[in-house]
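Because the structure is predicted, anything quoted here is derived from the model rather than measured. Numbers restart at 1 for each chain; the letters A, B, ... are given by sequence-line order, proteins then strands.
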2 protein chains.
Amino acid sequence: MPKKTQRKERETYTISELAREFDISTRTIRYYEELGLLSPERTSGNQRIFTKRDKTRLKLIIRGKRLGFSLNEIKEMIEMYDVAGETEQIKLTLKYGEKKLKEIEEKIKELEMLREDMLSIREILIKRLKELESKK
Amino acid sequence: MPKKTQRKERETYTISELAREFDISTRTIRYYEELGLLSPERTSGNQRIFTKRDKTRLKLIIRGKRLGFSLNEIKEMIEMYDVAGETEQIKLTLKYGEKKLKEIEEKIKELEMLREDMLSIREILIKRLKELESKK
DNA sequence: CTTAAGTTTTACGTTTACGTTAATGTCATT
DNA sequence: AATGACATTAACGTAAACGTAAAACTTAAG
């Protein structure tokens, strides 16, 4: 039997690896853990080990931030992923999810409106520019 | 000649009227002025008078905020509306506008991804719920 | 003219989301 | 075992975006 590669699963990351990858500080990552947004394992020497799952979460957190959600809102959304629970809990989660879904769809609409605004301003500017250039 | 109605244009608002309408504090409105996002006229007694234009701006500011833009970014976007200037200035504004447009389109995409995530979580939850209910 | 409700500026306070520094510990390599 | 690179906790600092309170002024209504 051939020796199996030692590489059982090196699908873990250190804090600075993730920090570099997402272009944030290690402090930020620790802060997210402090708020309960992440809960990485630890080595025997107490250093954080991040799994693929943690990495996915971090990506979610960052996306949420970019979209104007507070860390608290993001936490609530993330917790939806972790509902192990009973029917009542699930129903509540579903309800909250519907609310968030509506908010998200609202935001999409608003962004599209903003986009339209920007596009028409662009048109105006281009027109003005052409006038100026032709009078030159 | 019939007496014209005194109502030449009462299309103005006090600070608290706007505050109520947008559900923000008067402090917030004053703060936006302090940052140069608004510049309302004043009465003889130094009280702020907001025009329709100011109101439109305020709406824009609030929308921007909801979408995760900083007040500074919002200010820069608003200033695009006010470019009276020369070709060079217009070109710069256009360039900045293109950048913002891309950012906005990025955000729309991200929100749509988030929406997909939420939808699939919902599916999972609903499925789990049905299982639990059937085993009852 | 008086009064109440609203407004002004000034200034210090608060929350969120980290930045920064210090003192100490861990890990991999030589 | 020693060196250098990275990690840990603790704690104070900071910028953005307002909140809050005080003291004085305006305005609309009666």
Side-chain angles (χ1 to χ4, degrees), chain A residues 6-7 10 12-51 54-55 57-79, chain B residues 6-51 54-55 57-79 103:
Chain A
Q6 172 58 27
R7 210 182 169 296
R10 199 277 177 189
T12 69
Y13 317 84
T14 73
I15 191 167
S16 56
E17 281 171 346
L18 286 190
R20 239 170 287 141
E21 177 154 358
F22 290 109
D23 196 33
I24 58 182
S25 72
T26 57
R27 170 67 168 105
T28 297
I29 297 178
R30 292 198 189 96
Y31 181 61
Y32 292 164
E33 178 180 2
E34 197 180 320
L35 294 190
L37 296 177
L38 295 172
S39 17
E41 303 291 304
R42 300 293 181 122
T43 69
S44 57
N46 198 36
Q47 299 194 178
R48 275 164 260 251
I49 321 173
F50 296 86
T51 68
D54 294 314
K55 193 178 159 185
R57 280 202 178 198
L58 191 46
K59 197 187 294 184
L60 256 171
I61 295 169
I62 289 167
R63 174 181 295 163
K65 282 228 61 191
R66 269 182 49 75
L67 296 173
F69 295 98
S70 74
L71 291 181
N72 238 308
E73 288 178 301
I74 294 171
K75 184 181 180 186
E76 294 177 318
M77 288 196 262
I78 279 183
E79 277 163 0
Chain B
Q6 173 57 27
R7 209 181 169 297
K8 189 162 70 176
E9 38 168 350
R10 199 275 175 191
E11 289 300 309
T12 69
Y13 317 84
T14 72
I15 192 168
S16 57
E17 282 171 345
L18 286 189
R20 240 170 286 143
E21 178 153 356
F22 289 109
D23 196 33
I24 59 183
S25 72
T26 57
R27 171 66 169 104
T28 297
I29 296 179
R30 292 197 191 95
Y31 182 60
Y32 292 163
E33 178 180 1
E34 198 180 321
L35 294 189
L37 296 177
L38 295 171
S39 18
E41 303 291 304
R42 301 293 181 123
T43 68
S44 55
N46 198 38
Q47 299 196 178
R48 274 164 262 251
I49 321 173
F50 296 86
T51 68
D54 294 315
K55 193 178 160 187
R57 281 203 174 196
L58 191 46
K59 199 187 293 185
L60 257 171
I61 295 169
I62 289 168
R63 173 181 295 164
K65 283 230 61 191
R66 271 182 46 77
L67 297 172
F69 294 98
S70 74
L71 290 181
N72 239 307
E73 289 178 300
I74 294 170
K75 185 181 179 185
E76 293 176 321
M77 288 195 261
I78 280 183
E79 277 162 0
E103 280 178 32

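Taking atom CD of residue B:Glu34 and atom P of nucleotide D:dA16, one finds them 12 Å apart after rounding to whole Å. For B:Asp23 and D:dG19, the CG to P distance is 11 Å, given to the nearest whole Å. Regarding A:Arg30, its CZ atom lies at a distance of 17 Å from the C1' atom of D:dC12, rounded to whole Å. Computed from coordinates, the A:Ile15 CD1 to C:dC18 C1' distance equals 13 Å when rounded to whole Å. If you take CD of B:Glu17 and P of C:dG6, they are 11 Å apart, rounded to a whole angstrom. Summarising the geometry, the separation between CG on A:Leu38 and P on C:dC18 is reported as 12 Å, rounded to the nearest angstrom. In this structure, the CD atom of A:Glu41 is 14 Å from the P atom of D:dT8, given to the nearest Å. Atom OH in B:Tyr31 sits about 18 Å away from atom P in C:dG13, given to the nearest Å.
Here the side chains of A:Phe22 and A:Thr28 are not in contact, with every heavy-atom distance at 4.5 Å or above.
In terms of heavy-atom proximity, B:Phe50 sits nearest to B:Thr14 at CD1-C, 4.0 Å. The two residues B:Tyr13 and B:Glu17 have their closest heavy-atom pair at CA-OE1, 3.1 Å. Shown here for B:Ser25 and B:Ala19, the closest heavy-atom pair between the two residues is C-CB, 4.1 Å. Nearest approach of B:Leu18 to B:Ile29, heavy atoms of both residues: CB-CD1, 3.9 Å. Annotation for B:Gly36 and B:Lys75: closest pair O-CE, 4.2 Å, computed over non-hydrogen atoms.
The shortest distance between the side-chain N/O atoms of A:Thr14 and the OP1/OP2 oxygens of D:dA7 is below 4.0 Å. Under 4.0 angstrom from either OP1 or OP2 of D:dA17 there lies no side-chain N or O belonging to B:Tyr32.
Near-neighbour residues of DNA chain D inside residues 64-77 of chain B, defined by a heavy atom below 4.0 Å, number-ordered: B:Lys65, B:Ser70, B:Leu71.
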In a table with atom names and distances, give each donor-acceptor pair under 3.5 Å that connects a side chain of residues 61-68 of chain A to protein atoms at least two apart or in another chain.
unit_1, atom_1, unit_2, atom_2, d
A:Arg66, NE, B:Glu110, OE2, 2.7
A:Arg66, NH2, B:Glu110, OE2, 2.9

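Residue A:Leu35 is out of contact with every strand shown, counting any heavy-atom pair closer than 4.0 Å. A:Arg42 comes within 4.0 angstrom of sugar-phosphate atoms only, judged by non-hydrogen atoms across all strands, and of no base.
Under the side-chain contact (heavy atoms from CB on, under 4.5 Å) rule, B:Arg57 has a single partner from B:Ile78, B:Thr51, B:Ile74, B:Leu37, which is B:Ile78.
Note that CG of B:Leu71 and CD of B:Glu34 are 11.5 Å apart. Values are rounded to the nearest 0.5 Å.
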Shorter than 3.5 Å, N or O on both sides, protein versus nucleotides 19-24 of chain C: list them out with atom names.
unit_1, atom_1, unit_2, atom_2, d
C:dG19, OP2, A:Ser25, OG, 2.4
C:dG19, OP2, A:Thr28, OG1, 3.2
C:dG19, N7, A:Arg27, NE, 3.2
C:dG19, O6, A:Arg27, NH2, 3.0
C:dT20, O4, A:Arg27, NE, 3.3

Please write out each protein N/O paired with an N/O of nucleotides 26-30 of chain D under 3.5 Å, distance rounded to 0.1 Å.
unit_1, atom_1, unit_2, atom_2, d
D:dT26, O4', B:Gln47, OE1, 3.1
D:dT27, OP1, B:Thr43, OG1, 3.0
D:dT27, OP1, B:Gly45, N, 3.3

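Among D:dC18, C:dT9, D:dA7, the nucleotide with an atom closest to any side-chain atom of B:Arg48 is C:dT9.
Every side-chain contact (heavy atoms from CB on, under 4.5 Å) that A:Arg30 has, sequence neighbours left out, goes to A:Ile15, A:Thr26, A:Arg48. With sequence neighbours excluded, the residues that form a side-chain contact (heavy atoms from CB on, under 4.5 Å) with B:Glu103 are B:Phe69, B:Glu73, B:Lys99, B:Lys100.
The number of heavy atoms from other shown groups lying within 6.0 Å of CD (B:Glu41) does not exceed 12.
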